[in-house]
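Data block below; observations after.
Below, all heavy atoms of this structure are taken into account, side chains as well, without hydrogens, waters or symmetry copies. Quick note on labels: first sequence line is chain A, next is B, and so on, each numbered from 1.
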Amino acid sequence: MSIDYSEKVIKHFFNPQNMGKMEDPDGVGTAGNIACGDEMTICIKVKGAAGDDRENDVVEDVRFETLGCAAAIATSSMVTELAKGKTIKEAKQISLKDVAGELGGLPPIKMHCSNMAADALHKAIEDYLQKSK
Amino acid sequence: MSKKKIYLDYAATTPVDEEVFEAMKPYFCEKFGNPSSSHQFGKETREAVEAARKQVADFLRCKPEEIIFTSGATESNNLAIKGVTAKSIGQKKSGAGFVPHVITSSVEHSCVLNACKTLEDDKLAEVTYLSVNKEGLVEIEEIERAVKSRTVLVSIMYANNEIGTVQPIEEIGNLIKRLNGSRGGERSSRIYFHTDAVQAINYLDCDVNTLGVDLLSISAHKFYGPKGVGALFIKEGTSIARIQDGGGQEFGMRPGTHNVPGIVGLGEAITKIKNNESVNENIERLSDKLIDGILKSVPNSKLNGSCKKRLPNNVNISFPGAEGEAILLALSFEGVAVSTGSACASSDLRPSHVLVALGLGPADYHSSVRFTLGKYTTEEEIGRVLTVLPGIIERLRKISGQA
């Protein structure tokens, strides 16, 4: 079953992007929990844009730490790549379908990993928006 | 995946021994007769089936007519559990309203647990699932405490498929003999004792007299025989009903045309176990080397199950901070095939019920890896695993931030 991953999933599993801790993140989001076997934390660093609308702020850096299966690691890696350089407005719209799609698909039973990655990112953004109110 | 393949999943299945395969070959195209046919085509395959039955009986130290060929251990276990309980209902003079009681353990193979679950769902039996201690052992006293006047069957596996823990089958057999003695020895009030010996057969004494079992299940593909064939030992005089209807094959206990090549293969494979002592010693030595090597080279790794009462070929270790399916995938890219108790690698996204029953926490059961060795495992293969594994765990712990 685990061998049924796309080449892109395998690539991200063996060479995850943006992995590791972040000093002084502007937003932190976690998804999943150890009881289920997967736990993801995503940290973002944001560059504020002019004006009051935080939606135009830019996600400058993203980092993840994930305890989980190959799909969980690959989706974490992919969601950080997708979010990097995007505005808050754009990053908010990154969906589980985007993550899975960019990875060349996931086995059906692993789709929740994709959901988890998008969820962790959205929570990090939410955290940032709360803090910058 | 160009690396040399290293198979360390012998508890899942074993390759068919070349000599076993040779013995099976004539029974596909040349000797194809139906053993139930009266002509010479049937006679030659009937003789082959009976020769295999004798081989199995010799190994288990029982009578040939006490061996029933099945499609594997799942069927053997279903037949034992459902057959004994069904017969007990029919036998009670009190008739309607009798609900037989079955005792089993929480670490049995899913075919045993699910057979019991079906009996409960259909209100055909009440089942007690005994808990185990942290090594995975059933306590004899627990069995005695669980016994009721309606108890008709105790089903406890000989050795666990995931953690290799060996249950005290002989002691349980003695307990049941004693309990049956005090019941006055009437057949209709007997407790029968069944053991799933699938993982044990390669390594442990399977003399049914020593063990004191009434029923014992085996599966050929776990001991270098073919898949899709197994057997159930049913001690003479055991009250048991068949669970599928058809012709009169297997003394009417298991109707269906015989899987002749499979049965021949099973018989041949079982005779080969006998002279395995030196092979088993070597397997145990390699397992010990693997356990010691991992515990030394991978920080915070822990052996699951029992140190002493374990199968010589089973190594089950947890690597908290990493996740089992990820470890499995990384190892498979190094050519190493293992299995894991992690939820992420199972089709129902549930962690191993065995590791949960041991009382392990999620960090441990989701990070468990089972290495099971076999007669073709070499020193070099174990060395290779010990070379690649520490780096894999270190990398995954870095990703999880738990390095």
Got a sec: does the [atom1] of [X] have more than 12 other heavy atoms crowding it under 6.0 Å?
X: B/D121; atom1: CG; answer: yes
X: B/Y129; atom1: OH; answer: yes
X: A/K131; atom1: NZ; answer: yes
X: A/K84; atom1: NZ; answer: yes

Could you tell me which non-hydrogen atom of [X] sits nearest to which non-hydrogen atom of [Y], and how far apart they are?
X: A/A35; Y: B/P362; answer: CA-CB, 3.8 Å
X: A/G68; Y: B/A326; answer: O-CB, 3.5 Å
X: B/L329; Y: A/A70; answer: CD2-CB, 3.3 Å

So which residues of residues 390-403 of chain B are in contact with chain A at a heavy-atom cut-off of under 4.5 Å? B/R395, B/L396, B/K398, B/I399, B/S400, B/G401, B/Q402
Cut-off 4.5 Å, heavy atoms of chain B, and the answer for A/D38 is side chain
Contacting moiety of A/I34, where chain B heavy atoms sit under 4.5 Å: both
Within a strict 4.5 Å, meaning less than it, do heavy atoms of the B/E325 and A/K110 side chains meet? yes
Could you name each residue pair satisfying ring-ring contact (aromatic ring centres under 6.0 Å, His included) that touches residues 44-68 of chain A, not counting sequence neighbours? none
Which pairs count as ring-ring contact (aromatic ring centres under 6.0 Å, His included) when at least one residue sits in residues 14-42 of chain A, sequence neighbours excluded? A/F14-B/F333
Roughly how far, to the nearest 0.5 Å, is CD1 of A/I73 from CD of B/E323? 7.5 Å
Among residues at least two apart in sequence or on other chains, which ones pass ring-ring contact (aromatic ring centres under 6.0 Å, His included) with B/Y224? B/Y376
